[in-house]
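Here is how names work: the chains are called A, B, and so on, in the same order as the sequence lines, proteins then strands, and each is numbered from 1.
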There are 2 protein chains.
Amino acid sequence: MNDLSSIAEADKIESKIKSKSPIQLSKGGTNLTDFNRTTTRRVLVVEDDASLAGFLSAELQDHGFAVDIIRDGETALNKLMEKSAYDLLILELNLPKLDGISLIKHIRPTFPRLPVLVVTARNRTEDKVAALVSGADDCLTKPISLAELLARVRALLRRNGGLIPISSTVGDLTFHREDRRVERNGRRIELTPREFALLDVMIQNAGHPVSRSALFERVWNTASEPSTNIVDVYMKYVRDKVDHPGEPRLLHTVRGFGYELGPK
Amino acid sequence: MNDLSSIAEADKIESKIKSKSPIQLSKGGTNLTDFNRTTTRRVLVVEDDASLAGFLSAELQDHGFAVDIIRDGETALNKLMEKSAYDLLILELNLPKLDGISLIKHIRPTFPRLPVLVVTARNRTEDKVAALVSGADDCLTKPISLAELLARVRALLRRNGGLIPISSTVGDLTFHREDRRVERNGRRIELTPREFALLDVMIQNAGHPVSRSALFERVWNTASEPSTNIVDVYMKYVRDKVDHPGEPRLLHTVRGFGYELGPK
DNA sequence: CAAATTTGTGAAAAGATTGCCAGAATTTCC
DNA sequence: GGAAATTCTGGCAATCTTTTCACAAATTTG
């Protein structure tokens, strides 16, 4: 498993592969957005068409995911129930033994946060709606575009944190989750718990703007909007510790939206 | 026609539209702060039964949607063609002048992605099938359950996974709705909230001209006509960032009407 | 071609958002 | 309990965004 192969490199491969997309997508996406990931995301593909399953599996593995394939709904349900080790479920709707929608309904109570990406045939939009109504998180229509698939898989994994890497690196900033150690350029950065949580969310979304409300929800663990400028204040605290004068800035403002972490 | 069009803002529109004006039920109030969070979704209800139309409209509005009601198919078609200003179409099949299925067939070529939710009477499964075949995205059977209606409307409008794609590509321009990222040719494009909303509407209507008033309605979230050249000014801002000198132009002027996004 | 209409451009005023600070409230730790 | 660290609030200043308006440029019309 070529786990550590940087995703940016994998994206170059992507552009070589002829896209099976109906729409011509831009060349490769030029994704500088996923920085070094140090843990593997585990994906369960439940798909009864062998060739599509093979395609999905190969592409996802090329992009650094660990993939298991199961061909029918019943086996998938058993596997999920006995082993809750997946970060994402990719699901065909027409499945032998237990259809996709029933499968979602069965697993949702047990795994309320597991991201489920549904794959449907074209012209079956009522299925699509039914899937979303019954608890799928996202939906793709055949024929599947590789770029779109990867974009959505990443978006889903990013949304609720997915599987959290033990350590991450953005530019010259390293972030060690388990022992709460943060360094930039060898210099140790001491963060308070909230500051750490804020930088954690930024790290998990490195290269992507994060909205102020998303930050508030995840760092302050609440469902409402911030009623004060608390997010901004903490962003300043973290900035003061991370971005020293003379160093290139890592924490950028996205005006009217939120903040973004990344070299620029 | 006992229109409820007692809303002041409707005045200007009435004078401009030649045929019978639809009931204007959009709630006014351009709130700059909330347009960033959640753009108000605009729903067109085409329903000939006044009481059902009223019910739908009231409930949808209570849940934060802007709703217009039209009572016959022909007027609906005109309104849609004149302004591509809706995010969702809710459609009765039995309509005066132009039935629902014909309406769908007429608008699909122009609005390939507009979500259409059809409402049918019970015991008319052949209608249901016909509607789905001819391009409807989902189907509800009377009597309508409110929870079901809202669930399906939301499913259809879901930014990621519904019918509106998480990211779109036009030529070498890629647009990531979810995380507010826009790139052309690998070059990152930073947009202010309004610029982003404007480009979003253009992207959703790529390949088709969008009228100036439709842009104003959707980007500025209002029911009236622009009283200044604000749309043109913002189009220039977006152009300056998207169409750099030397690159093929993507944002074109459609004289006397509005603008169109697309390679050409 | 000139007049009329429509669209593009620059600049400045008005409006909003974000940065920053000082101090108050809360929690943690001894 | 008290000191220290952390978290939070509110306000003002700096910065950026939005809007308006006057005029220039482009296009259509007569």
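Taking atom OH of residue B:Y259 and atom P of nucleotide C:dT6, one finds them 13 Å apart after rounding to whole Å. Taking atom CZ on A:R249 and atom C1' on C:dG19, their separation rounds to 10 Å, with Å as the unit. Computed from coordinates, the B:F257 CZ to C:dT7 P distance equals 11 Å when rounded to whole Å. Rounded to a whole Å, the CD1 atom of B:I230 is 13 Å from the P atom of C:dG15. Whole-Å rounding puts the A:E190 CD to D:dA4 C1' distance at 16 Å. Atom C1' of nucleotide C:dT18 and atom CD of A:E260 are separated by 17 Å, given to the nearest angstrom. When rounded to the nearest whole Å, the span between CZ of A:F216 and P of D:dT7 equals 14 Å. What separates CG of A:L215 from C1' of D:dC8 is a distance of 17 Å, to the nearest Å.
A close approach under 4.0 Å does not occur between any side-chain nitrogen or oxygen of B:W220 and OP1 or OP2 of D:dT18. Here B:T228 does not reach the OP1 or OP2 of D:dT19: none of its side-chain N or O atoms lies under 4.0 Å away. A close approach under 4.0 Å does not occur between any side-chain nitrogen or oxygen of B:R212 and OP1 or OP2 of C:dT6. Here A:T192 reaches the OP1 or OP2 of D:dT7: one of its side-chain N or O atoms lies under 4.0 Å away. Between B:T253 and the phosphate of C:dT6, there is no side-chain N or O to OP1/OP2 separation shorter than 4.0 Å.
A donor and an acceptor atom never sit less than 3.5 Å apart when one is taken from the side chain of B:R194 and the other from the base of D:dT18. Evaluation of atom-type donor-acceptor distances gives no pair under 3.5 Å for the side chain of B:N229 against the base of D:dT19.
Checking C:dT7, C:dT18, D:dT20 against every side-chain atom of B:R255, the shortest atom distance belongs to C:dT7.
Considering only residues two or more places apart in sequence or on other chains, A:Y237 meets the ring-ring contact (aromatic ring centres under 6.0 Å, His included) condition with A:Y234.
Within 6.0 Å of the NE2 atom in B:H106, the count of heavy atoms belonging to other residues, nucleotides or ligands does not exceed 12.
Between B:D137 and B:R108 there is a salt bridge, with a side-chain nitrogen of the basic residue lying less than 4.0 Å from a carboxylate oxygen of the acidic one. Ion pair B:D87/B:R218 flagged as a salt bridge, since at least one NZ, NE, NH1 or NH2 atom sits closer than 4.0 Å to an Asp/Glu carboxylate oxygen.
Side-chain polar atoms of B:D200 and B:Q204 form a donor-acceptor pair below 3.5 angstrom.
For the segment residues 231-240 of chain A, the set of residues with a heavy atom within less than 4.0 Å of an atom of DNA chain C comprises A:D232, A:V233, A:K236, A:R239, in numerical order.
In this structure the side chain of B:L215 reaches within 4.5 angstrom of the side chain of B:M202, judged on heavy atoms. Looking only at side-chain heavy atoms (C-beta outward), B:I203 and B:L173 come within less than 4.5 Å of each other.
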